[in-house]
Amino acid sequence: MKKIIVLGAGYAGVEAALSLHKKLSREDAVISIIDKNEYHTLLTELHEFAGNRVEEGSVKIDLRDIFKFTKVNIIKDEIQDIDFENQLLKSPENQYDYDYLVIGCGSEPAYFGIEGMKENAFSLWSLEDAKNIKGHIINMFQKASKETDETRRKAYLTFVVGGGGFTGIELIGELIHFANVLSKEYGISRKEVSLVIVEAADKILTVLHQSLIDKSMKYLEKNKVQILTNSPIIQVTKDRLKTKADKIIDTHTVIWTGGVKVNSFIEKLELPQAERGRGRIEVNQHTQSTKYSNVFLVGDNSFFIGANQRPLPLMVEPAIQTGDTAAHNIVNLMRNKPLIQCKPKLHGTMVSIGRKYAVADNMGMRTSGFAAMLIKHVVNIHYQFGVGGFEQVIHYLKHQFVYDRKDDSMIKRNLTAQSYTIFLVFMRIYLGYKWLMQGAQKINEGWLSNVVIYAQRVAANLPEGITNPSPAANSATEAAQKGMNLIGEHTPEWYIWFTQSLVVPNAIWFQRMIVLIEVGLGIAFITGTFTFVAALISIGMNLNFALSTGLYDLWYLVTSVACLAGAGRAFGIDHYLMPWLMRQWRYFIRNRRVKIRI
Ligand code: NAD
């Protein structure tokens, strides 16, 4: 049996391991993923944690969650050397042999030899980095609030981001909100706080279209971010920064986002590095090392030249695509099939500038504001669904939209206020009882066997010029039929047409369906089973009544709305059913077959 090791659980490594799991059976190979952390970091979201938009749990996913129900073994270890000739990975305490190897160890900050940068600046390339930035910023506000010397106070409250690329702009965007919150918390005027972007080039976000750069600049300036372009940083000390034009900024906070290079561990490996690749490894069109045919390099570690003769950018999409190609090709090697080419398809870029603004360029479709933010959320949800299923998506949505933040608006706070489901239990059960009684009453009235419903216009919706039959005649007909008129005074014309041409001609069928739904709703609410769906149907039924006979009792409607709030989760079957269903779904997605997981 072959041994396959994926080194690095970043975007590319996780994709490669999941893809290998899908393509191979347990008898074909042992698949292992090795990482120094036991979680996958959502690197593209780190700025949100650094700027206090979300909690730590939002930017990492436990590897055990990702690889649940797969045959991928997770190994937590830090590899320090690779012996390619003997096919061995070495950590200080262990050795791992392999037949095929996928390397996806990612990048690290590049300091370009700038004096004092590595020693004195923060970087934003790991969870730890983000945590440090957040803690330090809070600390600076604390210090400033106690400092009476104006110059020293100003230095504490000056926050500089070095580099106006994607990372830098996404981070400063978060700092806008964070600074507002901390200013209030520490009783500091927001005017005293300086947020500065220092960029070497003549513009920020250089790879974006000029219209999006302009919009981003406008948004940043509106939010009091100072943008210094044509200002390469040449020196950083503990309390100041110097640019090439000798501009000095007194600050204790420089966050360096001026560029990345390949991970130093990869640089040390005896693999041919690509020219102009900043240490990235030369690969062929199959993402295979040009030196060892059983070694594949993915994501930021591979210098892959695309169809346009340009290297792939260091972004999530190419990482995922190279990871998938590597997995495919390992399987093909094992089966003696020809290797496939990696054909990357890039769908564009999205840059968030805080949580209220974003710009995006997706295959030439340029958007900003709400549309761009929506695209970014959809892309994030799509990715997180792939690696973590429904639970991860719910987790993401809660972190992004539900959990409280200090600068939340009153409306948001009210919309997302949470409470204890236990208090809904009695109402839910009583609603179920009422539906059950409605169904039982209809059964007693013969709804299952006799035609009971009819559709006769009443005064308000008779066409002009036609007079209503007298009330006496009406009630006589009703009495004769002992039935229910589906048309009320306010029934709209289209609904009259619907009842007369579809419902009444199939009366028995519709009656049975109504009874079935009412009894079903009763059971669902009483037992707390699929309560959310039951509540939606219950609302639908009430709207239907409103259109036909008229809604005389709003009670059903309002209690049904309340039951949407997961009312079956407390003392209901949903408490067990929902997590169980998610487990079955995850197993099905990972293995494309059904197997009951307890
Ligand atoms: P980058 O290389 O894209 O940008 C670095 C910026 O720093 C450049 O604008 C550069 O001119 C500037 N710079 C370099 N030296 C400087 C100096 N001495 N003084 C001042 N400025 C200097 O780096 P990044 O923003 O960290 O991005 C790294 C990679 O990650 C990129 O490939 C990027 O596309 C990707 N990324 C993508 C997203 C996204 O898609 N939303 C977000 C973050 C990062």
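Remember, it's 1-based here, ligands and their atoms both numbered in the order they're listed.
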Problem set entry | Test item, Tyr111 contacting ligand 1 (heavy atom, 4.0 angstrom) | no
Exercise. Taking the six-membered ring for Trp, are Trp256 and Phe112 parallel (under 30°), tilted (30 to 60°) or perpendicular (over 60°)?
Worked result: perpendicular
Problem set entry | Sub-4.0 Å atoms of ligand 1 with respect to non-hydrogen atoms of Glu170 | 41 (N), 42 (C)
For this session: Could you tell me whether ligand 1 has any atom less than 4.0 Å away from a heavy atom of Gly162?
Result: no
Problem set entry | Plane angle bin for His136 and Phe122 - parallel if under 30°, tilted between 30 and 60°, otherwise perpendicular | tilted
Exercise. Looking at atom 3 (O) of ligand 1, what's its closest protein heavy atom, distance included?
Worked result: Gly165 CA, 4.4 Å
For this session: Could you tell me whether ligand 1 has any atom less than 4.0 Å away from a heavy atom of Pro313?
Result: no
Exercise. Do ligand 1 and Thr167 have nitrogen or oxygen atoms that lie under 3.5 Å from each other?
Worked result: yes
Exercise. Can you tell me the protein heavy atom closest to atom 2 (O) of ligand 1 and the distance?
Worked result: Gly259 CA, 3.7 Å
For this session: Begin from the C-alpha positions of Ser352 and Glu170 and carry the test side-chain contact (heavy atoms from CB on, under 4.5 Å) through to its verdict.
Result: CA-CA 6 Å; Ser352 64; Glu170 290 200 315; 3.4 Å; yes
Seminar exercise, completed: Residue, atom and distance of the protein heavy atom nearest atom 28 (C) of ligand 1 read Val260 CG2, 3.8 Å
Problem set entry | atom 33 (C) of ligand 1: nearest protein contact (heavy atom, Å) | Phe166 CD1, 3.8 Å
Problem set entry | Sub-3.5 Å N/O-N/O distance, Ile233 and ligand 1 | yes
Seminar exercise, completed: Ranked by distance from atom 41 (N) of ligand 1, the top protein heavy atom is Met350 O, 2.8 Å
Seminar exercise, completed: Only residue of Val198, Ile233, Asp239, Val254 satisfying side-chain contact (heavy atoms from CB on, under 4.5 Å) with Ile249 is Val198
Problem set entry | Residue pairs, two or more places apart or on separate chains, that pass salt bridge (charged side-chain N to carboxylate O under 4.0 Å, His left out) and touch residues 378-400 | Glu391-Arg586
Problem set entry | Nearest-neighbour protein heavy atom for atom 40 (O) of ligand 1, which is reported as residue plus atom name and distance | Met315 CE, 3.4 Å
Problem set entry | Output field: ring centroids His47/Phe166 closer than 6.0 Å | no
Exercise. Are any of the N or O atoms of Glu199 closer than 3.5 Å to those of ligand 1?
Worked result: yes
Exercise. To the nearest 0.5 Å, how far apart are CZ in Phe265 and CD in Glu108?
Worked result: 12.0 Å
Exercise. Do Tyr11 and Thr44 have side-chain N/O donor and acceptor atoms under 3.5 Å apart?
Worked result: yes
Problem set entry | Residue Ile114 vicinity, atoms of ligand 1 by number, heavy atom under 4.0 Å | 18 (N)
Exercise. Judging by distance only, is a nitrogen or oxygen of Leu314 under 3.5 angstrom from one on ligand 1?
Worked result: yes
Problem set entry | Any Val198 heavy atom less than 4.0 Å from ligand 1 | yes
Exercise. Short N/O distance, under 3.5 Å, between Ala200 and ligand 1?
Worked result: yes
Problem set entry | Pair Asn284, Thr290: side-chain N/O donor-acceptor within cut-off below 3.5 Å | no
For this session: Starting from atom 16 (C) of ligand 1, locate the nearest protein heavy atom and write down its residue, its atom name and how far away it is, to 0.1 Å.
Result: Trp256 CH2, 3.5 Å
Exercise. Which heavy atom in Leu312 sits nearest to a heavy atom in Arg280, and how many Å separate them?
Worked result: O-NH2, 3.0 Å
Exercise. Closest non-hydrogen protein atom to atom 13 (N) of ligand 1, residue and atom name please, with distance?
Worked result: Gly258 O, 3.8 Å
Problem set entry | Ring centroid separation Phe159 to Phe141 under 6.0 Å | yes
